[in-house]
Colleague: 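The structure is given below, and queries will be raised subsequently.
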Protein chains: 2
Amino acid sequence: MAPSAAMHAAPTLARPPMPFPAAMARVLPFPSSRPEADPLDAIATTSVVDRDIAIFHQGGSADALFRLVDGVVRIHKLLPDGRRQIVGFLQAGDFFGLAFGDTYLYTAEAVTVATVRRMSRSRVDAVMDEHPALRQRLLVVTAEELIAAQDQMLLLGRKNAVEKICSFLTMLSRRRARQGKDPARLHVPMSRADIADYLGLTIETVSRTITKLKTAGTIRLLDGNKIALCDPETVASLAEGA
Amino acid sequence: MAPSAAMHAAPTLARPPMPFPAAMARVLPFPSSRPEADPLDAIATTSVVDRDIAIFHQGGSADALFRLVDGVVRIHKLLPDGRRQIVGFLQAGDFFGLAFGDTYLYTAEAVTVATVRRMSRSRVDAVMDEHPALRQRLLVVTAEELIAAQDQMLLLGRKNAVEKICSFLTMLSRRRARQGKDPARLHVPMSRADIADYLGLTIETVSRTITKLKTAGTIRLLDGNKIALCDPETVASLAEGA
DNA sequence: CGGTCGGTTGAAACTGATCAACAAGGGTGG
DNA sequence: CCACCCTTGTTGATCAGTTTCAACCGACCG
C-alpha cells in the first residue's frame, strides 16, 4: 500500500520522500453493467481497481470525473515530508475527481477492490450544458461534501481520541443505516493506518482507543474486520463529547 | 438601510460556554468572483453588523443568503460543551449562508464591523432559475471552498503549531496579494482566541508560537494588529514543514 | 482609579506520539 | 506441507508538544 504508519508526524525524519510518484492507476476497461437513465452514464466507462491502487494522483492532470459504483475509496493529501491526511472515505454513489484547476489536488486510492465509472471532463461539461438539472445535482453533492468537510474540521481541531474514534464509528453506522443495513454492525475495510490518517492520530493511538472502547463494553470486535456497536446512541453521544 | 432585526440577535461572546440546540443546519460559505452587475444585487439589502455580533446562528432558520461587502466575518461550529472550531474567515466578496436544508449549520459573526448584503432564499432560487450561469458560478465557488476545507483538514490533522501559524499567515498574505496589496504586511483583525479556534490550538500556544517566530526574526509585530513577514517565501515553506 | 479584557509568560500536567517488542495471520518458496 | 518472512495490529515504556493553571501587564473604559 501507499503511505503508512511510519510517515506520521516526526518533523525530522521522513521515510517515504516523494509526495507524488508517477505511477498511474491500473484501471481495467470494463463493459457497462447497468445503464441508468442518467445522461452522465452514457459517457462513462467502467473500471475495476485493485486494493491500494491509485485511481489518480495529487498533482496529476485532472482530465476526468469519477463515480464510485462499488467498494470503498480513500482520498488523501500529503505534506512534502510524507505526512498524510485522509480527507474522505467514499462509498458507492459518490462522485470524486472534481478539480477546478487542471490538476488533481488529492490522490484517490481503492481501499477495497472498487468499481468506478470514469467520465472525461470535457464530456461532463458538455452533458452539463445540455442538462442543467445535473449541474444542480452536482452542486448539491459538492455542498454536502463541504458540510462533511466542515464537520471533519471540528473533529480534527477540537476532539480527543475517544471522540474521534466514536465519530468515525458513528459515520460508518449512519452509512449502514442509509443503506438499510444494521447500523450496529459495521464492516471496517480500512486499516489502522487509514483510520489514523483520517482522524489525525497515530496507529498506536487508534489501536489503544479501540481497545479501550472494547474493554469498556462500548463496542465488540468481530472477525472479518467487523465491529459491533453495543449501543449506537451511546457511541454517537461519546462522539460529541458527552 | 437600517440593520435588520434578524442580524442583531443576541450578542454572541467569542467563546459561548453554553450548549447549542441539537438541530442540524446546512449552510455554505462560498466566495464569489466579481461583485459586478449581478442579478442577485437587485434583490439584496445592505446591513452593517457590529464587531462580535452574529449574522445568523447555528440551528437558526436558514432563510437568507449573504454576501460580505466589507470587513471580516468568521464562521464557526460548536461542540455541546462549548468547544469551538472556526471553519473559515470570510473577506469582501465572499458569499455565505447558502443553505441546503432549512436551518443554518453554523454561526456567522462579524470579526470587524462588517457590511453585508442580504438576499432572501426564495428570491435567490428564483433568480438562479432565471440565470443558469449563476448556478454554475455557485458550483465553482462551492468547489473552491471545498478545496480550501480539505487543505484545512490537512493542517488540523497533521501540522504542528509553527506550521499552523505559518499556514495562517500565508493565507492572509495570499489574500493581500490577490487584492494587489503588499503581501508582506498583514492586517490581522482576529483575536488570539479566534486564531486558536481556527487552527485547533489554545490562545497560549498561539501567543507563544507567534513570539517564537518573532524572536526567530521570521516576522515582526507592528501596532494596530499588523504583522510584517520578513520573507513570505520562508513563512510559506515553514507552513509546509520545511 | 478600580475593573475588565486581551495578550504574554511561566510551571506543571496530560494526552497522544515515539520507540520498541511481540503476536497473529497470510503468502511464498523450498 | 511446512518454514519463513512480511505485514498488520496490539501492547508497554518513555518522551514531548501542547494544554492547563496561574500570574502578570498594559490598554481601555466607566
Colleague: Expressed in angstrom and rounded to an integer, what is the separation of Arg192(A) atom CZ from dT11(D) atom P?
Modeller: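 Spelled out: CZ on Arg192(A) to P on dT11(D) is 10 Å.
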Colleague: How long is the line joining NZ of Lys214(A) and C1' of dG9(D), in whole Å?
Modeller: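 Spelled out: NZ on Lys214(A) to C1' on dG9(D) is 11 Å.
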Colleague: With the side chain of Ser191(B) defined as its heavy atoms from C-beta on, choose the nearest nucleotide among dT18(D), dG7(C), dT11(D).
Modeller: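 Side chain of Ser191(B) sits closest to dG7(C).
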Colleague: How close or far is atom C1' of dT8(D) from atom CG of Asp52(A), stated in whole angstroms?
Modeller: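 From Asp52(A) CG to dT8(D) C1': 12 Å.
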Colleague: Nearest-Å distance, NZ (Lys212(A)) to P (dG12(D))?
Modeller: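 Between P of dG12(D) and NZ of Lys212(A): 13 Å.
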Colleague: Round to a whole Å and report the spacing from CG of Leu213(B) to P of dT9(C).
Modeller: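 Those two atoms, CG and P, are 13 Å apart.
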Colleague: To the side chain of Thr205(A), which of dT8(C), dT19(D), dA17(C) is closest?
Modeller: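 Nearest to the side chain of Thr205(A) among the choices is dA17(C).
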Colleague: Rounding to a whole Å, what distance do you find between Lys159(B):NZ and dG17(D):P?
Modeller: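 Atom-to-atom, Lys159(B) to dG17(D), this comes out as 18 Å.
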Colleague: Could you work out which one of dT20(D), dT18(D), dT10(D) sits closest to the side chain of Thr211(A)?
Modeller: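 Taking heavy atoms from C-beta onward, the closest nucleotide is dT10(D).
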Colleague: Could you check whether Arg84(B) pairs with Asp194(B) (Lys NZ or Arg NE/NH1/NH2 to Asp/Glu carboxylate O, under 4.0 Å)?
Modeller: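 The answer is yes: the pair qualifies as a salt bridge.
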Colleague: Pick out which of Val111(A), Val73(A), Asp94(A), Leu172(A) makes a side-chain contact (heavy atoms from CB on, under 4.5 Å) with Phe89(A).
Modeller: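 Only match with Phe89(A) under side-chain contact (heavy atoms from CB on, under 4.5 Å): Val111(A).
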Colleague: Write out all pairs satisfying side-chain hydrogen bond (donor to acceptor under 3.5 Å, both in side chains) with one or both partners inside residues 213-232 of chain A, taking only residues at least two apart or from two chains.
Modeller: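 Every pair satisfying side-chain hydrogen bond (donor to acceptor under 3.5 Å, both in side chains) with a residue in residues 213-232 of chain A: Asp231(A)-Thr234(A).
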Colleague: For the side chain of Arg208(B) and the base of dG17(D), is some donor closer than 3.5 Å to an acceptor across the two?
Modeller: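 Not at all, since no donor on one side and acceptor on the other fall under 3.5 Å apart.
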Colleague: Which nucleotide sits closest to the side chain of Glu204(B): dT10(D), dC21(D), dT18(D)?
Modeller: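 That would be dC21(D).
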Colleague: Between Tyr106(A) and Phe96(A), does the ring centre distance come in under 6.0 Å?
Modeller: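 That pair fails the under 6.0 Å test.
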Colleague: Rounded to whole Å, please give me the gap between CD1 in Ile195(B) and C1' in dT8(C).
Modeller: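 Taking CD1 of Ile195(B) and C1' of dT8(C), I get 14 Å after rounding.
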Colleague: Could you tell me how far apart Arg158(B) (CZ) and dG17(D) (P) are, to the nearest whole angstrom?
Modeller: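 Nearest whole value for this atom pair: 16 Å.
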